[in-house]
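Data first, discussion second: the structure below is written as structure tokens.
FYI, the numbering just counts along the sequence from 1.
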Amino acid sequence: MNTFYTNMTRWMVAICMLWAVPASSQLIVNGSATAEDLANQIVGSGVTISNVVLDCGPGGSGIFTNGNSTNVGLDNGILLTSGFASNSIGPNNAGNTSQNQPSEYDGDEDLSTLTAGSINDRCVLEFDFVAASDEITVQYVFGSEEYNEYVCSEFNDIFAFFVSGPNPLGENYLNTNFALIPSTALPVFVNSINNGSPGSLGSEENCISLDNAIWYFDNGSGTTIQYDGFTLVLTATIPIVPGEEYH
């Protein structure tokens, strides 16, 4: 699972996996960015953040620029990955580029509420925030090296971001996932957003949905990103109460 983020105007928590290193006409990445650097990169004006925590394997996060030189659809933002930095730069000349992280990064209580499968190689950025606005918006791209052969298999990369705090419509958000496929209640998985066909190593009985190919970009012949496929730019809008604290 791979995720690019940009223009996240308020707050996000993500569990995902993409990363990059500098290259000519490629993403330019600051791989030494701290947790605070990452959080500050994605919040807009009028936002105060605190209690920033990065829970990610070695070499699994960074700030990227120069994205417009690639086909990912975002010019700048942050990268959160469960692979190594060097695995992401194009061309896409391998179908199985991957790297396991230490076992201490396996498991995640929040993601386990969205999938029955085991959670491995998590990469999480989280923090508290108070914003002056009445909503936050998040743009992101999810990608995976499991496309396309593992579509509808037991290996099902996932991306999520969770919000807790006052819901202006009543009650509270409680680890509510707002990374959903547009016009659906489906989380963003390989098995829910894909090219619309089970892969050679998959079975239709494992699919969550084959109806969301409109949001999928096949990067099989890509020259700027290594990963085999990713979504178009997706946007989430979350109503909040100005001045209240969220996590």
Please tabulate, one pair per line, all N/O donor-acceptor pairs under 3.5 Å involving side-chain atoms of residues 174-190, not counting sequence neighbours.
unit_1 : atom_1 : unit_2 : atom_2 : d
Asn175 : OD1    : Ser164 : OG     : 3.1
Asn175 : ND2    : Asp110 : OD1    : 3.4
Thr176 : OG1    : Leu174 : N      : 3.3
Asn177 : OD1    : Phe161 : N      : 3.2
Asn177 : OD1    : Ala179 : N      : 3.0
Asn177 : ND2    : Ala179 : O      : 3.4
Thr184 : OG1    : Ile181 : O      : 2.8
Thr184 : OG1    : Leu186 : N      : 3.0

Non-hydrogen side-chain atoms of [X] and [Y] separated by less than 4.5 Å:
X: Asp106; Y: Asp121; value: yes
X: Leu232; Y: Val141; value: no
X: Phe64; Y: Leu79; value: yes
X: Pro58; Y: Pro102; value: yes
X: Tyr140; Y: Leu80; value: no
X: Asp128; Y: Ile49; value: no
X: Asn156; Y: Ile208; value: yes

For this session: Taking the six-membered ring for Trp and the single ring otherwise, decide whether the centroids of Tyr216 and Tyr147 are under 6.0 Å apart.
Result: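 Ring centroids of Tyr216 and Tyr147 are less than 6.0 Å from each other.
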Problem set entry | Ring centre gap for Phe230 and Phe142 strictly below 6.0 Å |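 No, the ring centres sit 6.0 Å or more apart.
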Minimum heavy-atom distance between [X] and [Y], given as atom pair plus value:
X: Ala132; Y: Pro242; result: O-CB, 3.5 Å
X: Ala160; Y: Leu114; result: CB-CD1, 3.9 Å
X: Glu245; Y: Ser50; result: OE2-OG, 4.4 Å
X: Pro168; Y: Tyr173; result: CD-OH, 3.9 Å
X: Pro198; Y: Leu210; result: CD-CD1, 3.9 Å
X: Leu54; Y: Ala35; result: CB-CB, 3.7 Å

With rounding to the nearest 0.5 angstrom, report the [atom1] to [atom2] distance, [X] to [Y].
X: Asn100; Y: Asn120; atom1: CG; atom2: CG; value: 7.5 Å
X: Asp228; Y: Asn219; atom1: CG; atom2: CG; value: 7.5 Å
X: Glu135; Y: Ile238; atom1: CD; atom2: CD1; value: 9.5 Å
X: Asn195; Y: Asn148; atom1: CG; atom2: CG; value: 4.0 Å
X: Cys56; Y: Leu38; atom1: SG; atom2: CG; value: 9.0 Å
X: Asn191; Y: Asp157; atom1: CG; atom2: CG; value: 9.5 Å

Exercise. After noting the C-alpha distance and the side-chain angles of Leu74 and Val233, does the key distance pass the side chain to side chain contact (heavy atoms under 4.5 Å, CB included) rule?
Worked result: CA-CA 7 Å; Leu74 301 173; Val233 177; 3.6 Å; yes
For this session: Check the surroundings of atom CD1 in Ile214: do more than 12 heavy atoms from other residues, nucleotides or ligands lie under 6.0 Å from it?
Result: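 No - once you tally the heavy atoms of other residues, nucleotides and ligands closer than 6.0 Å, there are 12 at most.
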Exercise. More than 12 heavy atoms of other residues, nucleotides or ligands under 6.0 Å from CD of Glu171: is that the case?
Worked result: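 Atom CD in Glu171 is not crowded, with 12 or fewer foreign heavy atoms closer than 6.0 Å.
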Treating [X] as the side-chain partner and [Y] as the backbone partner, does any N or O pair qualify as donor plus acceptor under 3.5 Å?
X: Thr34; Y: Asp37; value: yes
X: Tyr246; Y: Pro166; value: yes
X: Thr224; Y: Asn71; value: yes

Problem set entry | Residues in salt bridge (charged side-chain N to carboxylate O under 4.0 Å, His left out) contact with Asp55, at least two apart in sequence or another chain |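 With neighbours one apart ignored, the set is Arg122.
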For this session: Mind running side-chain hydrogen bond (donor to acceptor under 3.5 Å, both in side chains) on Ser32 and Asn30 for me, showing each step along the way?
Result: CA-CA 6 Å; Ser32 63; Asn30 173 9; 2.8 Å; yes
Problem set entry | Residue pair Asn206, Val151: steps toward the side chain to side chain contact (heavy atoms under 4.5 Å, CB included) verdict | CA-CA 9 Å; Asn206 294 320; Val151 171; over 6 Å; no
For this session: For Leu234 and Trp215, run side chain to side chain contact (heavy atoms under 4.5 Å, CB included): C-alpha distance rounded to whole Å, both residues' side-chain angles, the deciding distance at 0.1 Å, then the answer.
Result: CA-CA 8 Å; Leu234 301 176; Trp215 303 109; 3.9 Å; yes
Say whether [X] and [Y], considering side chains only, have a donor N or O and an acceptor N or O under 3.5 Å apart.
X: Ser192; Y: Asn194; value: no
X: Asn212; Y: Ser209; value: yes
X: Ser69; Y: Asn66; value: yes

Exercise. With hydrophobic residues grouped by side-chain heavy-atom distances under 4.5 Å, do Tyr105 and Phe162 end up in a single group?
Worked result: no
Exercise. If you group Ile, Leu, Val, Met, Phe, Trp and Tyr whenever their side-chain heavy atoms sit less than 4.5 Å apart, what else falls in with Phe155?
Worked result: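 In the cluster with Phe155 are Tyr150, Leu201.
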Exercise. Apart from Val53 itself, which Ile, Leu, Val, Met, Phe, Trp or Tyr residues share its cluster (side-chain heavy atoms under 4.5 Å, direct or through members)?
Worked result: none
Problem set entry | Listed once per pair and sorted, the disulfide bond (SG atoms under 2.5 Å apart) pairs that draw on residues 195-247, sequence neighbours left out |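 Every disulfide bond (SG atoms under 2.5 Å apart) pair that includes a residue of residues 195-247, provided the two are not neighbours, is Cys152-Cys207.
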Problem set entry | Worked check of side chain to side chain contact (heavy atoms under 4.5 Å, CB included) between Val47 and Val130 | CA-CA 6 Å; Val47 181; Val130 177; over 6 Å; no
For this session: Only pairs at least two apart or in different chains count here, so list each salt bridge (charged side-chain N to carboxylate O under 4.0 Å, His left out) that has a residue in residues 201-221.
Result: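 Counting only pairs at least two positions apart or across chains, no salt bridge (charged side-chain N to carboxylate O under 4.0 Å, His left out) contact touches residues 201-221.
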